[in-house]
Q: 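I'd like to ask some things about the structure below.
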Amino acid sequence: MPSELSAYVSDITPGRGALRPARSWLHSDAPSYSLNGQWRFRLSPTAAVAEDFAAEGFDDGGWDSIPVPSHWVLQGDGAYGRPIYTNVQFPFPIDPPHVPDENPTGDYRRHFDVPADWSGAERVVLRFDGVESLFKLWVNGDEIGSASGSRLAHEFDVTSSVRPGDNVVAVRVHQWSAASYVEDQDQWWLPGIFRDVTLIARPAGGIEDVWLRTGFENGRGRVETEVTADAAAFPITLRLPELGIEQVWATAADVAPLDIDGVEPWSAEQPRLYDVTVSTSAESIAMRIGFRTVEIRSDRFLVNGRRVVFHGMNRHETHPERGRVFDEEHAREDLARMKRFNVNAIRTSHYPPHPRLLDLADELGFWVVLECDLETHGFTTVDWAGNPSDDPAWRTAYLDRIQRTVERDKNHPSVVIWSLGNEAGTGSNLAAMSAWVHARDTGRPVHYEGDHTGEYTDVYSRMYASVVETEQIGTDGSRSPLLNCTPAQGARQRTKPFLLCEYAHAMGNGPGALDQYEALVHEHPRLHGGFVWEWRDHGILTTAPDGTPYYAYGGDFGEVVHDGNFVMDGVLLSNDVPTPGLHEFKAVVQPVGFTFDGDDVAIANLRHSADTSDLRFRWRVEHDGTPVDSGDLGVPVVAAGESVRVPLPRIPVSRNSETWLTVEVVLAADTAWAREGHVIATAQLDRSTRRPAPGVRPRTDWRRSVGTLDLGIAEFVDGSLVRLAGRAVAGPRLELFRAPTDNDEGTSGEVEDSDAGIAGVSHAELWRRDGLDRLTTRRVSVERTADALHMLARVSPANSALSVMVESVWSVEGDELELRVEIEPSSGWQTVWPRIGIRFDLPDGTAPIDGAEWFGLGPHESYPDSLRAARTGRFSATIRDLSVDYARPQETGHRSQLRRLALTSGNTPALRFAAIPDAQGRRPGFTLSRHTPQQIARAGHPFELPDSSTSYLLVDAAQHGLGSRACGPDVWPEFALRPQSRTIRLRIAAAG
Ligand code: GAL
């Protein structure tokens, strides 16, 4: 016989005693009282806690105190346990619905006053907006009820237990429960009361719930009102002052839809909201409504009759210090940042966010896919055996979850799709959730990616589909089968709008290929874009043993099972710094498109419905990155979906430098999320006159070289470079290795280039197997002429017959020094290479190299499949800022298509390099770093990088692309770097 306690903890019903049906999260003028603040707290290692809260008046004197809302594992410096990170794995035995006896249990207790003037309240309700994972509630010793559904709101009627004056509320929270099996999202497990606790007075004659369903058609707005209130609450008045509406309904039977002329629609681009109040004599609810109609017409997803393209982000609630505790200011800034980066949509992966987030989404403008708190991914370990999604015993719990989700957030115009959850397999309980939503809300479609065959959902959704596969989905008449579908099911899926609920896994350096996905959206209208995985890294701020702060990931808290840094896969680092991947996203999805054609440019407005009247177009011309002219481009207002052709300004073309025209689209006025002048789109046009690269002067009079040699600013000893312009320099040495990115370490089965990749084996593993990280050199010959030095070396790793011949020629060319390096691989190399480059070591002397100024692509790092954010220009940065602090150190900092580079010391140029294009016109890229790729590869966190007394300059003839193989497709074949011969030619000069 299970004990009463274990039966409770493993109970799969959603708890007892919480009010049903759930209702909207409303802004009411009825009195309420926040119970946020310090609570008494005690943590027990098991669920079997001695004291019974029913015994009123027991002593909590020895207890600690903890803030509510918070997660106890993020409080008390480890005194209350540590966070656990798992992706798919359950951090407890798979023994559903049971959890171990070792079940951290937090007891919370506090006093509160019920104000005397609440005596008029008909009922007193206690609301919990989020408690992970199972909790029981007592008020003044009375057991009130229990609930699970961590990211869902639960309300309890406590009227009969509260009294005027002092009261005691006690809450017992268990970290693990049966509910943990259906809350297996890829994130930290963070127990505790982590959202608000509110005491609410419900007045007699108040409004229990209200739903204003809005529509917009043919310039008219519609409001359909659903009010839940006692008959005695009537008359009810709806006021919409801005449109002069005051509608009084005397009885429930009178409540009728309102059709309103002259309204402006709501969209993510123009989030027009109207203030509305719905009032009885006892209570008034303040709402902000937006008029929009969501519909699916054949395979199109439309809002207000126009196709929506999601340029979305998956947004978890995560904060480096607060975990999932909501911080409105931080969230608002995050959303404003999304807007600044051209993000127009949010999937609330994988649970409803704090309710205020949706107010912000309504106000700032996002298309929101609102997801229920549901994931059972860990059941994949047992081949989905016993998956709750298909077990009727769980049906009530599943329905409770979706009902709480939809009811709480149904009023938000930003919410355009309901999502049943994530990675919960498939089964009748999901179908039942969908049926419930369809019956309850006819105004929004249902999404669930796991419904691969489209049995119960309205949109076709996939995650991490490759470019090829996405194209096949978009293409009519394609016979290619769709994942897990019979041909007939595939045909049905093709009748629906398609979205990528997750794509472009942004773990570490990457993702690549964003532009390829975006191009498909413009070719195939069935494809409605998608949601990048994901917005933020989930790093938790902690300190290394020596006190250095850092952002922790899985394993850093000694978890028994964990998934390492798979939780660090955002386009925003834990400290809010946008990654180059986010800059790339912004450029790829920019809402204004440019096509240069002769002396004209065609400008396309790619927005959903907004015209371009809020934008200004400006241009500038640069010669080798130096501005020479600029102005405004006269562009008439372009309607959404339209384009115009306008003449380009007169471009002064330079004969001996590169001429580039840059056009920028900027905000014409301040908005809620950016200042006037904020750039939303950019395009460049190369108008340079082609100049041939200087030829290589043939030399014949080579003789053996020993001893010292000076060639211009270079000094050599026995053929080795020792100084440039008086500064100690070693190298160059061949470098084929890069510190593997998370994508390089990825083993996902989708290898786009089967010549170069092996399913299940990462590129990084192949590189290590081939010894790219440990090359050794044998010098074959050193020869000189009067003004040149020639060296031949064979570079190869231990225990390998594979090699690369490296021929370096230093020569004086007029008053310049030239270095030409020919890199020639032996036959037999089989994998792709991370890079083909050379490395110079510049030890710190009296004036360490600590920055760079360059003319080439910038300002951010760029790689062959992530070049859209990069523009040609002149840039400068400190060596520190040239690298990105990815949570796990990895390849970073490569700037492509270098023309000229000055290494600087204290902002003063020290050495100058000019890159000469190779015979195919290809230019090298550069990286300047305080660490070698090998050092970076050895560090698990930034604080593990060794102290450095050297700056390293890497000049790469080529780099491998990025891809997104950490969870998705490998690098596209065109951007994969196969072993090949390459030439690097540099002219090097002293500064000045
Ligand atoms: C998906 C999942 C996300 C996340 C992602 C990988 O399968 O839905 O929650 O785990 O993969 O980071």
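Both counts, for ligands and for their atoms, begin at 1 and track the order of listing.
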Q: Does an N or O anywhere in D186 fall below 3.5 Å from an N or O of ligand 1?
A: yes

Q: Over all heavy atoms of both residues, which pair between P445 and V294 is shortest? Give the atoms and the distance, please.
A: CD-CG1, 3.6 Å

Q: Using every non-hydrogen atom in the two residues, find where C967 and Y464 come nearest and quote the distance to one decimal.
A: O-CD2, 3.1 Å

Q: Suppose we measure from atom 8 (O) of ligand 1 to each protein heavy atom; which comes out shortest, and what is that distance?
A: E502 OE2, 2.6 Å

Q: Please evaluate residues T426 and Y456 with respect to the criterion side chain to side chain donor-acceptor pair (under 3.5 Å), reporting the C-alpha separation (whole Å), side-chain torsions for both, the decisive distance (0.1 Å), and the verdict.
A: CA-CA 10 Å; T426 190; Y456 47 86; 2.7 Å; yes

Q: Which atoms from ligand 1 have a heavy atom of H350 less than 4.0 Å away?
A: 3 (C), 8 (O), 9 (O)

Q: Would you give the length of the straight line joining atom CG of D334 to atom CG of L357, rounded to the nearest 0.5 angstrom?
A: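 Spacing of CG (D334) from CG (L357) equals 9.0 Å.
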
Q: Looking only at side-chain N and O atoms, does Y85 offer a donor or acceptor that is under 3.5 Å from a partner on D186?
A: yes

Q: Examine the proximity of ligand 1 to Q185 and report which part, side chain or backbone, both or neither, has a heavy atom under 4.0 Å away.
A: neither

Q: In ligand 1, which numbered atoms sit nearer than 4.0 Å to a non-hydrogen atom of N422?
A: 2 (C), 8 (O), 9 (O)

Q: Numbering the atoms of ligand 1 from 1, which are under 4.0 Å from a heavy atom of M463?
A: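 Numbered from 1, ligand 1 contributes 1 (C), 7 (O), 8 (O).
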
Q: Report yes if H505 has an N/O atom closer than 3.5 Å to an N/O atom of ligand 1; otherwise report no.
A: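 Yes, there is a polar N/O contact under 3.5 Å.
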
Q: Run the salt bridge (Lys or Arg N to Asp or Glu O under 4.0 Å) test on R965 and D744 for me, step by step, so that the C-alpha distance in whole Å, both residues' side-chain angles and the decisive distance to 0.1 Å come before the verdict.
A: CA-CA 7 Å; R965 202 182 170 200; D744 295 337; over 6 Å; no

Q: Can you sort out which atoms of ligand 1 are near F566, meaning under 4.0 Å from one of its heavy atoms?
A: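 Counting atoms of ligand 1 from 1, those under 4.0 Å from F566 are 6 (C), 12 (O).
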
Q: Could you tell me which non-hydrogen atom of R151 sits nearest to which non-hydrogen atom of Y351, and how far apart they are?
A: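 So the two residues come closest at CG-CD1, 3.5 Å.
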
Q: Do E745 and Q890 pair up side chain to side chain, a donor and an acceptor below 3.5 Å, judged on atom types alone?
A: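 The answer is no; no qualifying pair exists.
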
Q: What protein heavy atom is closest to atom 5 (C) of ligand 1, reported as residue, atom name and distance in Å?
A: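 Checking every protein heavy atom, the shortest distance to atom 5 (C) of ligand 1 gives Y464 OH, 3.3 Å.
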
Q: Could you identify the single nearest non-hydrogen protein atom to atom 7 (O) of ligand 1 and state the distance to 0.1 Å?
A: E423 OE2, 2.4 Å

Q: Just which atoms of ligand 1 are under 4.0 Å from any heavy atom in N87?
A: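 In order of numbering, the contacting atoms are 10 (O).
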
